[in-house]
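We name chains A, B, ... by the order of the sequence lines, and we start the count at 1 in each one. Model, not experiment: these values are computed from the prediction.
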Amino acid sequence: MGAKPFTNPRGTRDLLGENLVLIKHLERTASMVAAVAGYQEVRTPLFEETRLFKRSLGEASDVVEKEMFSVPRRGSEGAEAMAKGFTFRPEGTASTARAYVQGGFAASAPLQKWFYIGPMFRYERPQKGRERQFNQFGVEAFGAQSASLDSEVVGIAVRFFQELGFDDQLEVRVNSMGDAEDREKWSQVLREFFAEQMQGSSERCADCQSRYTRNVFRLLDCKSTRCIELNEGAPNLFAVMGDAAASHHQQFIACLNNLGLKVIDDPSIVRGLDYYTRTVFEVHYPPLGARSALCGGGRYDGLVEEMGGRPTPGVGFSVGFTPTELALAELNLPAAADLADLRQQLLPQVYGVAVSDEQRDDLFILCEKLRRAGISVELDYRGKSLKAQFKEANRSGARWAIVLGDSENENKQIVLKNMQQKTEQIIAQDDLLAALKDA
RNA sequence: GUGGGUAUAGCUCAGUUGGUUAGAGCACCAGAUUGUGAUUCUGGGUGUCGGGGGUUCAAGUCCCCUUACUCACCCCA
């Protein structure tokens, strides 16, 4: 052995075999539910200008403050190089909004419904259900402010989980962040309300103390029991919310009810990213307990303008595959039948066996012929004995073995063996392809 | 960034109050009257005991440092 072996970077995985089967199933399920709702796939670059994320997510968001995978721009030095540099996308909404603006859709075709599936990157300490590179499925709809669009987006998220086998305990928790002006007002009254709790002898936890200045809204979803008590009587956003946002929220809930979804008003849902306005929601599966949150999203009516485009409303969500995989494992999902075809693709249909070394070349030629006809064929490359080749054939999961011996080869024939039924027949080599296709 | 746990074969793990040549199961490789899969049988250990230092006659075992993994917090998908 040479040098120390390399290992994958922290928070990443090599996907192969059974894990890859599951990921592929998630991907196809995602694109199916998005496509039937009329959403088009979009593939944006894996990295963008760092400025893009700072602008869209907010300088003070945790993602921007400490979770960005950034690289400096060449030709510049120090802080300027980082400021002008690039960042591996930590989420998908900013990129799609950028693509929307750049593509000139606001003028040509303002209503755009897009989805994406792909890797995202966050530079944080990995733990259960969290990775530095993870796959995400997301949906973004630009150009309409109708509450029915909000509910359509929620419906896609729910459908995704239903297709994966989650039952009707799935629920949608909703809240509203109001419009920008509403949030400004609300943040002021919240600061006033919590001001006395921030005094020296406060019972408030240390985290809340720092949240007070960074993002007051977060005090509301603190999990500390004492803090929850102290949140009693805190001003409600709906008290200061404008009529437009308030009625949008009511319509949104009405639409969800029309879709037959289980809806729960949850004022503690406060998204961490700056761009959310009005609708925010999470899809939960309560049997999962502490990890019941499967997906989050909401409306971002100011984002496109923030990206330099015309004022354009938008709404979307994203699902991380990592927590989804965790949830599926806990629930013994998906059903084996859902994965059967993907698993089948990993197996060869035919395994080629050479009785002795003299037949190996001819066998290889025959196998290649089958492959060119679209039949997957595996065979031995390591000079294994006949017995060992059959062992391999058995282990490979191939339904058929083709066995080439001296006597058959002389007569341009070959043995076709059904591995399950253990039956064999000798057929002409020219008839092999037809025989396999018939079977 | 902060805290806890773990680290022995490809995998899952044993390894006693420190004591001879470090083990098991699974997996893997080869063979069991020369043209056939399971089971069985036989043979094969594939290892820098994460790395470095220390204590000791003696360290996988005790101490220190370090790295990696993992879980939790923060936050989030």
Nearest whole Å is fine: how far is [N] [atom2] from [X] [atom1]?
X        : N      : atom1 : atom2 : answer
A/Asn418 : B/rG37 : CG    : P     : 16 Å
A/Phe281 : B/rA77 : CZ    : C1'   : 13 Å
A/His284 : B/rA77 : NE2   : C1'   : 12 Å
A/Tyr276 : B/rC76 : OH    : P     : 10 Å
A/Lys66  : B/rC73 : NZ    : P     : 13 Å
A/Phe317 : B/rA77 : CZ    : P     : 13 Å
A/Leu57  : B/rC76 : CG    : P     : 11 Å
A/Phe217 : B/rC76 : CZ    : P     : 13 Å

Is the [X]-[Y] ring centre distance short of 6.0 angstrom?
X        : Y        : answer
A/Phe194 : A/Tyr212 : no
A/Phe121 : A/Phe88  : yes
A/Tyr351 : A/Phe390 : no

task: Looking at every strand, decide which applies to A/Thr322 at a 4.0 Å heavy-atom threshold: base, sugar-phosphate, or nothing.
output: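 The answer is base, as A/Thr322 lies within the cut-off (heavy atoms under 4.0 Å) of a base atom.
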Taking atom [atom1] in both [N] and [M], compute the distance separating them and give it to the nearest angstrom.
N      : M      : atom1 : value
B/rA22 : B/rC49 : P     : 10 Å
B/rG45 : B/rA24 : P     : 11 Å
B/rG54 : B/rA59 : P     : 12 Å
B/rU66 : B/rU56 : P     : 23 Å
B/rC74 : B/rG3  : P     : 16 Å
B/rG37 : B/rC29 : P     : 16 Å
B/rU39 : B/rG50 : C1'   : 39 Å
B/rC26 : B/rC62 : C1'   : 33 Å

message: The side chain of A/Arg10 is closest to which nucleotide in this list: B/rG37, B/rC75, B/rC69?
response: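 The nucleotide sitting nearest to the side chain is B/rC69.
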task: Using distance alone, with no hydrogens and no angle criterion, decide if A/Asp150 and A/Thr279 have a side-chain donor and acceptor under 3.5 Å apart.
output: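 A donor-acceptor contact under 3.5 Å links the two side chains.
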Contact under 4.0 Å: A/Arg291 side-chain N or O vs B/rA72 OP1/OP2: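 Affirmative; the distance criterion is met.
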Residues in salt bridge (charged side-chain N to carboxylate O under 4.0 Å, His left out) contact with A/Glu408, at least two apart in sequence or another chain: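 If we apply the salt bridge (charged side-chain N to carboxylate O under 4.0 Å, His left out) test to A/Glu408, skipping adjacent residues, there are no hits.
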task: Measure the acute angle between the ring planes of A/Phe160 and A/Phe137, then classify it against the limits of 30° and 60° as parallel, tilted or perpendicular.
output: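 Plane angle between 30° and 60°, so tilted.
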message: So if I take residues 116-142 of chain A and measure heavy-atom distances to RNA chain B, which residues fall below 4.0 Å?
response: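 Going residue by residue through residues 116-142 of chain A, the ones with a heavy atom under 4.0 Å of RNA chain B turn out to be A/Arg122, A/Glu124, A/Arg125, A/Gln127, A/Lys128, A/Gly129, A/Arg130, A/Glu131, A/Phe134, A/Gln136.
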query: Given the rule in the salt bridge (charged side-chain N to carboxylate O under 4.0 Å, His left out) test, do A/Arg13 and A/Glu131 qualify, once you have shown the distances and angles that lead to the verdict?
result: CA-CA 9 Å; A/Arg13 294 190 267 178; A/Glu131 298 173 286; 2.8 Å; yes
Salt bridge (Lys or Arg N to Asp or Glu O under 4.0 Å) contacts in which one or both residues fall within residues 87-100 of chain A, not counting sequence neighbours: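 Listed by first then second residue: A/Glu48-A/Arg98.
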- prompt: In chain order, what residues pass the side-chain hydrogen bond (donor to acceptor under 3.5 Å, both in side chains) check against A/Gln133, with sequence neighbours excluded?
  reply: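 Not a single residue meets the side-chain hydrogen bond (donor to acceptor under 3.5 Å, both in side chains) criterion with A/Gln133.
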A/Gln40, CD atom: more than 12 neighbouring heavy atoms under 6.0 Å: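 Not buried by this count: 12 neighbours or fewer within 6.0 Å.
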- prompt: Taking it one step at a time, do A/Glu392 and A/Arg382 satisfy salt bridge (charged side-chain N to carboxylate O under 4.0 Å, His left out)?
  reply: CA-CA 11 Å; A/Glu392 286 291 324; A/Arg382 294 176 292 180; 3.7 Å; yes
- prompt: Pairs counted as Watson-Crick or G-U wobble with both distances under 3.5 Å: what dot-bracket string results for RNA chain B, using | for bases tied to another strand?
  reply: (((((((..((((.....[...)))).(((((.......))))).....(((((..]....))))))))))))....
field: nucleotides 29-36 of chain B: protein proximity per nucleotide (B base, S sugar-phosphate only, - neither; heavy atom, under 4.0 Å)
entry: SS----BB
- request: Please round to the nearest 0.5 Å and tell me the distance separating atom CD of A/Gln136 and atom CZ of A/Phe134.
  value: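 One finds 5.0 Å between CD of A/Gln136 and CZ of A/Phe134.
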query: Can you name the one residue among A/Arg360, A/Arg395, A/Lys387 that meets salt bridge (charged side-chain N to carboxylate O under 4.0 Å, His left out) with A/Asp380?
result: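 When salt bridge (charged side-chain N to carboxylate O under 4.0 Å, His left out) is applied between A/Asp380 and each of A/Arg360, A/Arg395, A/Lys387, only A/Arg360 qualifies.
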